[in-house]
Amino acid sequence: MSFIFSPIPQAAVPIADSDAVFPVHRIYCVGQNYAEHAKEMGATGREAPFFFMKPADAVLPVLPGTTGEMPFPGMTQNLHHEVELVVAIGKGGRHIDAASAAEHVFGYAIGLDMTRRDLQSEAKKAGRPWDTSKGFDCSAPIASIHLLQHSGWLTDAAIHLSVNGVARQKSDIANMIWNVAEVIAYLSKYYMLQPGDLIFTGTPEGVGAVQPGDVIEAKIAGLGELHVKVI
């Protein structure tokens, strides 16, 4: 078998303290998974989690000690940052029990779910998909993945984002409405999870707009930092 043109290179994310990389299969994202952010976006109560996806090559991998460069996307006047804990799946499965979810986790990373908020708002009003607001090129900047065996199973960790040195988002992953184990269990009812999947687990309150020239600094305790400049 021969391809009619060369395939696009495999999307991959660096692994902390390793020369190896994590090949990305799919990117799943949890919507409104922090109570205060849910209120910020007009929702109330502990509703069942919902998901959307980004293409694998939306990842913008950023090596430790460097600042990634994210081009400001077209067709928007309101590009928002959303800092998130990212879960990297190392063992696939369907109908995974929450009690055994940790067996499927390869590691964790810091990620940004960049969002064309104006396009998302238009899509919500029209009852249309979110693809153009969430799945554009470089919409998923991500730092190196830290192995679970080194980080341990995370149930609480401070999560923080600043823009040009000014704090915007500040919370703790303990404030997630649906924790990591529950998210994996729920998502695996709908999809066969595969090694290489990334799950963006939702963002806390304080989302806001960025402009070309802004520098985003995201942190999660124990997972280092992620620096991205909008260009």
Side-chain angles (χ1 to χ4, degrees), residues 27-47 49-52 54 58-60 62 67-70 72-73 76-87 108-125 130 133-136 138-143 154-180 182-183 198-231:
I27 302 175
Y28 300 98
C29 304
V30 188
Q32 299 177 9
N33 198 28
Y34 286 75
E36 293 305 313
H37 175 60
K39 293 177 185 176
E40 186 175 56
M41 302 305 292
T44 58
R46 192 178 196 253
E47 302 172 353
F50 68 91
F51 303 90
F52 57 92
K54 293 176 182 275
V59 294
L60 174 62
V62 181
T67 298
E69 293 188 339
M70 178 194 170
F72 192 93
T76 184
Q77 300 298 319
N78 196 18
L79 178 67
H80 275 209
H81 58 74
E82 299 188 10
V83 61
E84 310 203 4
L85 173 70
V86 180
V87 178
Y108 301 103
I110 306 168
L112 298 176
D113 168 19
M114 302 301 292
T115 302
R116 293 194 270 210
R117 190 70 72 200
D118 42 4
L119 299 192
Q120 185 189 37
S121 297
E122 292 170 6
K124 284 181 177 180
K125 291 176 183 176
W130 293 5
S133 66
K134 290 287 193 177
F136 54 92
C138 300
S139 62
I142 187 170
L154 296 182
T155 56
D156 60 273
I159 182 169
H160 177 273
L161 180 142
S162 63
V163 177
N164 301 328
V166 179
R168 292 271 189 93
Q169 294 183 266
K170 184 177 181 181
S171 188
D172 194 288
I173 65 168
N175 294 327
M176 287 195 291
I177 298 171
W178 296 86
N179 64 37
V180 170
E182 292 171 327
V183 165
L198 297 175
I199 304 174
F200 281 61
T201 58
T203 195
E205 68 277 12
V207 299
V210 290
Q211 301 293 334
D214 286 345
V215 177
I216 303 168
E217 180 184 82
K219 301 178 182 179
I220 297 178
L223 301 180
E225 301 180 359
L226 169 63
H227 297 261
V228 175
K229 183 175 183 178
V230 183
I231 60 172

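As the structure is a computational prediction, the values presented were derived from the model and not from experiment.
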Counting distance only, does the side-chain N/O of Tyr108 pair as donor-acceptor with the main-chain N or O of Leu223 below 3.5 Å?
no

If only atom types and distance count, is the side chain of Thr76 paired as donor or acceptor with the main-chain N or O of Asn78 below 3.5 Å?
yes

Once you measure the plane-to-plane angle for Phe52 and Trp130, does it fall in the parallel (<30°), tilted (30-60°) or perpendicular (>60°) bin?
tilted

Would you say [X] and [Y] make side-chain contact, with heavy atoms under 4.5 Å?
X	Y	value
Val62	Thr67	no
Pro73	Leu79	yes
Ile142	Leu226	no
Ser171	Tyr34	yes
Arg117	Gln120	yes
Pro212	Ile231	no
Phe200	Ile27	yes
Ile216	Leu112	yes

Any side-chain donor near an acceptor of the partner, Lys134 and Ser139, under 3.5 Å:
no

Under 3.5 Å, is there a donor-acceptor pair linking the side chains of His81 and Gln169?
yes

Passing candidate, side chain to side chain contact (heavy atoms under 4.5 Å, CB included) with Pro204, options Asn175, Asp172, Val83:
Val83

Could you walk me through whether Phe51 and Val183 pass the side-chain contact (heavy atoms from CB on, under 4.5 Å) test, one step at a time?
CA-CA 10 Å; Phe51 303 90; Val183 165; 4.1 Å; yes

Below 4.0 angstrom, N of the basic side chain to O of the carboxylate: do Glu82 and Arg168 qualify?
no

Among pairs that include at least one residue of residues 211-226, which meet side-chain hydrogen bond (donor to acceptor under 3.5 Å, both in side chains), considering only residues two or more places apart or in two chains?
Asn164-Asp214, Glu225-His227

Mind listing the closest non-hydrogen atom pair of [X] and [Y] along with its distance?
X	Y	answer
Val86	Ile110	CG2-C, 4.2 Å
Val228	Pro141	CG2-CB, 3.8 Å
Ala109	Ala143	CB-O, 3.7 Å

Quick one: pull up [atom1] in [X] and [atom2] in [Y] and give me the separation to the nearest 0.5 Å.
X	Y	atom1	atom2	answer
Leu154	Leu85	CG	CG	6.5 Å
Asn33	Ile177	CG	CD1	5.5 Å
His80	Asp118	NE2	CG	8.0 Å
Lys124	Ser133	NZ	OG	8.5 Å
Ile173	Thr201	CD1	OG1	7.5 Å

Assess whether side-chain contact (heavy atoms from CB on, under 4.5 Å) is satisfied between Lys54 and Asp113, documenting all intermediate values.
CA-CA 9 Å; Lys54 293 176 182 275; Asp113 168 19; 2.8 Å; yes

Please report the C-alpha distance between Met70 and Met114 in whole Å, then the side-chain angles of each, then the deciding distance to 0.1 Å, and finally whether the side-chain contact (heavy atoms from CB on, under 4.5 Å) criterion is met.
CA-CA 10 Å; Met70 178 194 170; Met114 302 301 292; 3.7 Å; yes

Run the ring-ring contact (aromatic ring centres under 6.0 Å, His included) test against Tyr28 and tell me which residues pass, sequence neighbours left out.
Tyr191

